[in-house]
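Report on the following structure.
Along the sequence shown, residues carry numbers from 1. This one's a predicted model, so the numbers in the text were calculated from it and none came from an experiment.
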Amino acid sequence: MKLDWNQYIGKVMNITMLENYGVVYGKEKGEHPTFYEIVFKTGTLIQDYDDGLLLDSNRDGKLFKVFVPYGSIKCVEIF
């Protein structure tokens, strides 16, 4: 089944991700990096593509765009 994402453009989404990992490096030189699991992405849907969704998001007062490939989506909550 293919979902028509165009009907949700402008809606806020919480996307639960499949296994996906990130890394944060410490501020001190030589400090070991910390790996963490990225469990969700949140933002306003601004565009859908053949291979994923583009979200407009805000973190720490900064605006940015996030592309989420369909293959990494486990679940989507739409508000």
Side-chain angles (χ1 to χ4, degrees):
M1 179 174 111
K2 184 172 177 162
L3 183 65
D4 178 15
W5 291 98
N6 285 314
Q7 62 184 327
Y8 301 110
I9 290 180
K11 301 280 187 180
V12 174
M13 299 189 157
N14 288 338
I15 299 176
T16 304
M17 309 288 287
L18 292 172
E19 293 181 25
N20 193 0
Y21 294 89
V23 65
V24 175
Y25 291 94
K27 295 179 182 180
E28 299 295 323
K29 185 177 180 181
E31 191 174 335
H32 292 284
T34 302
F35 289 88
Y36 61 97
E37 187 175 4
I38 301 168
V39 292
F40 65 90
K41 297 286 185 191
T42 300
T44 303
L45 180 63
I46 56 174
Q47 184 69 46
D48 74 300
Y49 296 95
D50 290 337
D51 53 351
L53 302 174
L54 186 62
L55 303 178
D56 208 3
S57 192
N58 182 341
R59 186 182 320 144
D60 299 329
K62 296 180 182 177
L63 297 174
F64 58 97
K65 295 183 180 5
V66 178
F67 181 77
V68 182
Y70 290 128
S72 47
I73 296 174
K74 183 176 186 178
C75 175
V76 178
E77 297 174 312
I78 303 168
F79 298 94

Determine whether Leu54 and Asp48 satisfy the following criterion, side chain to side chain contact (heavy atoms under 4.5 Å, CB included), listing intermediate values before the conclusion. CA-CA 6 Å; Leu54 186 62; Asp48 74 300; over 6 Å; no

Does Ile73 form a side chain to side chain contact (heavy atoms under 4.5 Å, CB included) with Val68? I'd like the steps, not just the answer. CA-CA 7 Å; Ile73 296 174; Val68 182; 3.6 Å; yes

Start with the C-alpha gap between Val76 and Trp5, add the side-chain angles, then the distance that decides, and say whether side chain to side chain contact (heavy atoms under 4.5 Å, CB included) holds. CA-CA 11 Å; Val76 178; Trp5 291 98; 4.0 Å; yes

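Here Phe79 is tied into one hydrophobic group with Val12, each link being a pair of ILVMFWY side chains closer than 4.5 Å.
Contact of the Phe40 side chain with the Met13 side chain is not registered, since no non-hydrogen atoms from C-beta on lie closer than 4.5 Å. Between Ile46 and Leu55, the closest side-chain pair of non-hydrogen atoms is not below 4.5 Å. Using a 4.5 Å heavy-atom threshold, the side chains of Met17 and Lys41 count as touching.
Looking at residues two or more places apart in sequence or on another chain, you find no side-chain hydrogen bond (donor to acceptor under 3.5 Å, both in side chains) involving Ser57.
Under a hydrophobic-cluster definition in which Ile, Leu, Val, Met, Phe, Trp and Tyr are linked whenever side-chain heavy atoms come within less than 4.5 Å, directly or via other members, Ile78 and Ile15 are assigned to the same cluster. Val39 and Leu18 are members of different hydrophobic clusters when ILVMFWY side chains are connected at heavy-atom separations under 4.5 Å.
Sorted by first and then second residue, the salt bridge (charged side-chain N to carboxylate O under 4.0 Å, His left out) pairs involving residues 50-59 (not counting sequence neighbours) are Asp56-Lys65.
No donor-acceptor distance shorter than 3.5 angstrom exists from the side chain of Asp60 to the backbone of Lys62, with no hydrogens or angles considered.
In this structure, Tyr70 places its OH atom where more than 12 heavy-atom neighbours from other residues, nucleotides or ligands lie under 6.0 Å away.
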